[in-house]
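As structure tokens, the structure follows; a few thoughts come after it.
Model, not experiment: these values are computed from the prediction. We use all heavy atoms of the structure for the numbers below, so side chains are in, but hydrogens, waters and symmetry mates are not.
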Amino acid sequence: MTDPSQEKQLEGGSSNPLPHNGSSASDKEKLEEQHQLQRTESATEQTDDLNRLRSTATATSVASTSATARVPEQKPWYKQPNPLRWGKIPPVPKEKDVCPEHKAGFFSSLVFQWIAPMMSRGYKRPLEFNDIYSINPDRAVDPLTDKLRDSFKRRVEAGEKFPLVWAINETFFWEFWLGGFCSLMSAILQVMSPFTLRYLIQFASDAYIASVKGLPPPNIGAGVGLVIGVTAMQVLQSLATNHFIYRGMLVGGMSRASLISMIYEKSMVISARAKAGGAELADVPAAKAAEKRGKKEQAKTAKTAKNKKGAAANQAGVSGDGAGWGNGRIMALMNVDTYRIDQAFGLFHIIWTAPISCLITLAMLLINLTYSALAGFALLVIGVPLLAKAVKGLFARRKVINKITDQRVSLTQEILQSVRFVKFFGWENSFMNRLEDFRNREVSAIQVVLAIRNAIMAIGISLPIFASMLSFITYSLTNHDLAPAEVFSSLALFNGLRMPLNMLPLVIGQVTDAMSSLTRIQEFLLAEEREEEAIYKPDAPNAVEMRDASFTWERTPTQDPEGTVATSTNGKENNAPRTTTGEGHDNSAADSSEEASTLAAEELEPFKLRGLDIEIGRNELVAVIGTVGSGKTSLLAALAGDMRQTSGEVVLGASRAFCPQYAWIQNTTVQQNILFGKEMDKQWYGDVIKACALQPDLDMLPNNDMTEIGERGITISGGQKQRLNIARAIYFDADIVLMDDPLSAVDAHVGRHIFDNAILGLLNDKCRILATHQLWVLSRCDRIIWMDGGKVQAVDTFDNLMKNSEDFQHLMESTAVEEKKDETAVAQVPGDDGKSKKKKAKRGLMQTEERAVASVPWSVYTSYIKASGSMLNGPIVLGLLILSQGANIVTSLWLSWWTSNKFGFPMGTYIGVYAGLGATQALIMFAFMVSLSIYGTTASKGMLRQAVSRVLRAPMSFFDTTPLGRITNRFSRDVDVMDNNLTDAMRMYFFSVASIIAVFALIIAFFYYFVIALVPLFIIFLLATSYYRASAREVKRIESVLRSTLSAKFSEGLSGIACIRAYGLKDRFVADIRKAIDDVDSAYYLTYSNQRWLSVRLDMIGNCLVFTTGMLVVTSRFSVEPSIGGLVLSYILGIVQMIQFTVRQLAEVENSMISVERLRYYGAELEQEAPLKTIEVRKTWPEKGEIVFDNVEMRYRDGLPLVLQGLTMHIQGGERIGIVGRTGAGKSSIMSTLFRLVELSGGHITIDGLDISTIGLQDLRSRLAIIPQDPTLFRGTIRSNLDPFGEHTDLELWSALRQADLVPADTGPSPADSDGDNNNNLITTTKDALSRIHLDTIVEEDGLNFSLGQRQLMALARALVRGSQIIVCDEATSSVDMDTDDKIQATIASGFRGKTLLCIAHRLRTIIGYDRICVMDKGRIAEMGPPLELWMMGEGGIFRGMCDRSGIRVEDIHGAKAEVDGFGKGE
């Protein structure tokens, strides 16, 4: 049931108008949609801050975007001080151009000139979607994936050890090794230029000595030649480095794209068994034992994972870690693992070139310092492996963190999916606390890892300093003079070692991370695939033949003890064993983990279908009937290919279409949902729409059948979803149509219409298999398959069954006279669908994702610092940074004073001070790093907490207009960035900036002419970077918006796999996802190219600086001491690389800050519902449950029409009220007002004399109970679902289960159990084979291991446990059979005796026994009174009309009343 607030449309973009005051405006992010990169232009003068707030929410999709871009006003050149902005502002291209790199010449490729046109466009105006070049055909995902897949298959068959790794190597061979060659070149040159310094310094000192002693100086030409030589080497090195990084990143991006595509394809064919992590036997020891055994098990499972192909997996009992490949894990592979692989490729070659450059460096050092160099080098040789080992240790810890993160993210996802439900029950706090638990564990683990990592880093950075110290000390102690030429050339060499040595552990870390990700992906790609077990025989006489076929569902994936809520109710660990519900396997997921209590170690098997022998003709209509949990859905699932066939054979004579019980609706237009990839055939399409009674619904939608449906079909009602589902199956025109209870969610007369026109009409020459609870259809079916407990009880015609089978007669009688049972009759007027719906504004539903347009504002940085604890943290970190840099420079100066013996101290003093300074510097640096990462994680923890609590408290309208994927993306990807990348990026940035400033200060102190070169170069530097950032930022933002579209498509596909498979549309969806990948990549690859463009240009500036410094040293060779000249030269060489590194880090920091900004938007800007607590409410309220609606008016949003117009009614405590009315009459709206999901526009509602608008939402919602239409269950156990706060005893919970008829009346806790130790509440349960359910039964995600009927009963039990005085029941019986329906009605009658009951009904029959009936029409009460009275009003009354259509007579009303009263008095 959709409550119309889900019809949320965005009126004009942002629902809160933009404030027009600079800075606070900048905090408003704008609303924005995944497929939408349009920006509107307002004519007002815009300040920079307001520019960030452009917002649109439009229904166009990217392809049709007629970009109304914000083109800045053209100024004549003389008014425009910045020459880069002269010239015309280029228009937005109509369509994308192909990437110019494809055809670029050698020189253009060498310096990345081909990207310049886009850069200049991006500088003159913000880039739009169409400015991004379409992908370079050589790098498109299609050919690459096919190549990779073939190679992978070949290698798997050859039995190689790491097939995926080698396949990737083969696919990207040229590009990859070209990068490797460049890397090697740059490594060699990097060592040679500092070595050449030796000769330059020697030249300067010769000249200096000559001038002091008055000898003839050496020729200046030699010096100039050396300077030019060093500069040339630097230029070559810079080009080599840039191409090495560019190629590496490209290979990373391309392999990521291909892997995502392969993962998606695999997820379409992976078998249910692999998905559930099971092999033939379930072997999940009880949670406690598992923890003890975990260590041993891991070793074993690691082995089984290796040979996890086919048979090997089967013997292993549980494949891998038994966790299976649920959708959450597949999403993680796609989001996180591919990302890690991508990252690792960027600098991969450093792994082998760094050691080579170290060896060359050693050779050069030996030439410079003779054997003394070995002392320092030995330190490096010992230190680096130790560091590498420490990095390995981090790796294991990272695994643990990933597990916690996965749990946090899947819990978040689950909460968000059922957020409406969480609100109805007022459970926000309970869930917040569970999340908080995970988050605290996660953050403390991350902090430990970061601290260790920082220690490694600090040591790594200081190692070259200590090494050079050792060498120099040894050199001077072995009676050598410290000559400036050797010393400073060596200092430069040691400093040059810093880069490879620092990068090495980092890259090794990335590569090991990536290796484990690759193994995970490989394990997934090798997981067992679904064999298409059914045999296709297009010429077979029958459409379906089953011969002695058996099928089974799968075991439940192993869950981590902490993954569920099963932490105990009575405050101690809950060691309850796990069991399962096999019996209700009426639904699509696998189930059954096993139960092992100390007493009963019986296996509880997953639900199975056994020994099916069925033949179904090519144009038969066969109904499948049976009680809840008898295997109806399973039979259809077996035919659709969702269950595993264990024996026998199935022959299908034709193609099939499948209507699952849960309609899977895509986030596209209605028309696309029906066509489902078929060509449009207007005539047939029209017929289908008519047959499914969709026309009236389409007329209500804003853009008719072109209206976009929200994620998971959120903007349409249950009945509409179901009818779209049927329409899709009919339009598909397959010859076998499987329908799983499609009529349950629609009203009876609509059901009639569909049955007559669609099932018996358009489909009459097809084979139709219909699982159903609507017994009125049986007499019109050709044959009936009667299921019971997974076996076929009987297959026969209706008449024969009526004649020959007593049970069947009994079944039919329980539904009373055929005439009377003529409908499961419905309280509605024709043309309706039991959902309120308003004509909507013409505008797409999903809001555009806000995408800030200028750089991240300062306010984001300040709030980030605030979140870390206090504003003082900023200055503290900076102070430490300045100290550590100071120490660094002083150390080197001291060395230069020592070589020139400036103070005439004895050697020992020089050595002692030198060593002391080095140590101080390392310590201060460590302090700086640790403080930064601790503040950073604290901030991310605080900001996530704010964001989650704010999102949970956001009004429903927010969830209706924001795709789920976008919210989870922020809570996973963005938080991951804040936890792990942001502080790293900041640290490196601060560090490089500080070093550069320090070096420049040092140079200027000795060579003041340096300033003359520095100023113009600095200006060019600033221009280049701002030029770069203008376009880089937009490309990055466009990329992240496209990426979230990809994410949404991916997860949508995962959730609809059953459908996609049954229809055989795998290829179409794969093509779709590939197109999305190419879109992302077109922007993603450009981010690399423009980084390189900038690097090449910045390196040029750096090389100019080297040249200048060199020339200064040569020209002032007579006046400045060579020891100073040497010092300066050795530093400037180290700085060149740093310049571009700094800009890259700044961009990195900015990009990572966007994550902070997005999270902060959720934490600070979202609208909120009313507060949870306001005034104190007495414990016992509401005592009577008397509800008064006083002239209530309600609209879903400002500017929409009223849905309730002056509703006034008085409900006495303990009264039972049935609410009926047609679509849009406002039935569900009453519920929304009562729970305050939507606030009133006028009037009051009072409960027992308290006006509900005055009390806190928590107080209000926790005192009401609701049985919603979609029964939502959360992962955990039945206990945690019935009672998440642990407020009730086990006895109360058991009694609710019994009352709800989930367990037989004699089951319950054993006597031993009453002391709250639920370790053995299985004694009675396991004996009773019938009852598969007890409090510690595991509930899977969405409760999919229970049938829909069981979930409905569970929702009922939940309301019983709550024990509220007021119960709202929304059509709680729509998806259960008559038998269960009677039970539910009986339970409602007896269990809620004396309580106020509001029941929104679709079946009239369920409520005719109630005290009063309220007939709604157009938001007002049309009739209200006792059923008999309304019936007596005669023909003109609405209620009477409904009764007549449903064949309800006066006797029925009397009978129903008596029955209800009977229950009320107790049986």
Checklist entry - With sequence neighbours left out, which residue pairs that include part of residues 920-934 fulfil the side-chain hydrogen bond (donor to acceptor under 3.5 Å, both in side chains) condition? => result Asn454-Ser933

Checklist entry - Partners of Phe431 by ring-ring contact (aromatic ring centres under 6.0 Å, His included), sequence neighbours excluded? => result Phe1274

Item to check | Spacing of Leu872 atom CG and Tyr935 atom OH [to the nearest 0.5 Å] | outcome: 8.5 Å

Checklist entry - If every non-hydrogen atom of Asn1090 is compared with every non-hydrogen atom of Ser1031, which pair is closest and at what distance? => result ND2-OG, 4.3 Å

Checklist entry - Under the ring-ring contact (aromatic ring centres under 6.0 Å, His included) test, which residues partner Tyr246, sequence neighbours left out? => result Phe112

Checklist entry - Near Arg950 CZ, under 6.0 Å, is it more than 12 heavy atoms from other residues, nucleotides or ligands? => result yes

Checklist entry - Within a strict 4.5 Å, meaning less than it, do heavy atoms of the Gln1091 and Tyr1028 side chains meet? => result yes

Item to check | side chain to side chain contact (heavy atoms under 4.5 Å, CB included) partner of Val975, chosen from Val948, Leu1159, Asn980 | outcome: Leu1159

Next on the checklist: If you define the side chain from C-beta out and look only at heavy atoms, does anything of Leu944 sit under 4.5 Å from Met978?
Outcome noted: no

Next on the checklist: Is any side-chain heavy atom of Phe958 closer than 4.5 Å to one of Val951?
Outcome noted: yes

Checklist entry - Just how far is it from atom CD1 of Ile446 to atom NZ of Lys941, taken to the nearest 0.5 Å? => result 10.5 Å

Checklist entry - Would you call the rings of Tyr1027 and Trp1093 parallel, tilted or perpendicular, where under 30° means parallel and over 60° means perpendicular? => result tilted

Next on the checklist: A side-chain contact here means heavy atoms from C-beta on lying under 4.5 Å apart; do Glu442 and Arg408 qualify?
Outcome noted: yes

Item to check | Closest approach of Met334 to Ser1047 (non-hydrogen atoms, all atoms of both residues) | outcome: CE-CA, 4.2 Å

Item to check | Minimum-distance pair of heavy atoms, taken over all atoms of Arg256 and Tyr1084 | outcome: NH1-OH, 3.6 Å

Item to check | Any donor-acceptor N/O pair, Arg970 side chain to Arg1158 backbone, under 3.5 Å | outcome: yes

Next on the checklist: Tell me the closest heavy-atom pair linking Gln407 and Phe438, and the distance in Å.
Outcome noted: OE1-CE2, 3.3 Å

Next on the checklist: Between Ile115 and Leu1086, is the side chain to side chain contact (heavy atoms under 4.5 Å, CB included) condition met? List the steps.
Outcome noted: CA-CA 8 Å; Ile115 197 177; Leu1086 286 181; 4.1 Å; yes

Checklist entry - Given Phe928 and Leu878, is the side chain to side chain contact (heavy atoms under 4.5 Å, CB included) satisfied, shown in steps? => result CA-CA 8 Å; Phe928 158 70; Leu878 284 178; over 6 Å; no

Checklist entry - Does Glu1034 reach the main-chain N or O of Glu128 with its side chain, forming a donor-acceptor pair under 3.5 Å? => result no

Next on the checklist: Nearest 0.5 Å, please: how far is CD1 in Ile1003 from CG in Leu1105?
Outcome noted: 7.5 Å

Checklist entry - Do Ile876 and Asn873 have side chains that get closer than 4.5 Å, going by heavy atoms? => result yes

Next on the checklist: Check whether Asn242 reaches the backbone of Ser238 with its side chain - one donor and one acceptor, N or O, closer than 3.5 Å.
Outcome noted: yes

Next on the checklist: So Arg439 and Ser940, do their side chains get closer than 4.5 Å, heavy atoms only?
Outcome noted: yes

Checklist entry - So, Glu1039 and Lys1036, do they make that salt bridge, N to O below 4.0 Å? => result yes

Next on the checklist: Show the nearest heavy-atom pair for residues Thr983 and Gly936, with the distance to one decimal.
Outcome noted: CG2-CA, 3.5 Å

Item to check | Partners meeting side-chain contact (heavy atoms from CB on, under 4.5 Å) with Gln1145 (sequence neighbours left out) | outcome: Ala985, Met988, Tyr989, Phe1141, Glu1148

Checklist outcome for this item: Residues at least two apart in sequence or cross-chain that pass salt bridge (charged side-chain N to carboxylate O under 4.0 Å, His left out) with Glu436, listed by chain then number, are Arg945

Next on the checklist: Would you say that Val1156 contacts Met1153 through its side chain, given a criterion of any heavy-atom pair below 4.5 Å between the two side chains?
Outcome noted: yes

Next on the checklist: Check Glu1150 with Arg1029, please: is the shortest side-chain N to carboxylate O separation under 4.0 Å?
Outcome noted: yes

Next on the checklist: Is any side-chain heavy atom of Ser1155 closer than 4.5 Å to one of Leu982?
Outcome noted: no

Next on the checklist: If you apply the rule salt bridge (charged side-chain N to carboxylate O under 4.0 Å, His left out), what do you find for Asp1079 with Arg1043, and how did you get there?
Outcome noted: CA-CA 9 Å; Asp1079 279 346; Arg1043 191 166 296 282; over 6 Å; no

Checklist entry - Are any of the side-chain nitrogens in Asp1099 or Arg1092 under 4.0 Å away from the carboxylate oxygens of its partner? => result no

Item to check | Audit row: Met1138, Ile1135, side chain to side chain contact (heavy atoms under 4.5 Å, CB included) steps and yes/no | outcome: CA-CA 5 Å; Met1138 271 201 171; Ile1135 237 56; 4.3 Å; yes

Checklist entry - When rounded to the nearest 0.5 angstrom, what is the spacing between CE in Met871 and OG in Ser863? => result 9.0 Å

Item to check | Heavy-atom closest pair, residues Ala947 and Phe971 | outcome: CB-CE2, 3.8 Å

Item to check | Nearest-0.5 Å distance that lies between atom CG in Asp974 and atom OH in Tyr1162 | outcome: 9.5 Å

Checklist entry - Which pairs, with at least one residue in residues 860-879 and sequence neighbours excluded, count as a ring pair (Phe, Tyr, Trp, His ring centres under 6.0 Å)? => result Trp858-Tyr861

Next on the checklist: Strictly below 4.0 Å, N to O, side chains only: are Arg987 and Asp984 in salt-bridge contact?
Outcome noted: yes

Checklist entry - Is the Phe1021 ring parallel, tilted or perpendicular to the Phe1018 ring (thresholds 30°, 60°)? => result parallel

Item to check | Side-chain donor/acceptor of Arg121 to backbone N/O of Leu127, under 3.5 Å | outcome: no

Item to check | Stepwise side chain to side chain contact (heavy atoms under 4.5 Å, CB included) check, Ser859 with Arg1160 | outcome: CA-CA 10 Å; Ser859 54; Arg1160 174 172 165 277; 4.1 Å; yes

Next on the checklist: If I take atom CG from residue Leu952 and atom CG from residue Leu435, how far apart are they, to the nearest 0.5 angstrom?
Outcome noted: 7.5 Å

Checklist entry - Is the closest side-chain donor-acceptor distance between Arg966 and Ser1044 under 3.5 Å? => result no

Next on the checklist: Test your reading of the model: is there a side-chain donor-acceptor pair from Thr1045 to the backbone of Val1041, 3.5 Å cut-off?
Outcome noted: yes

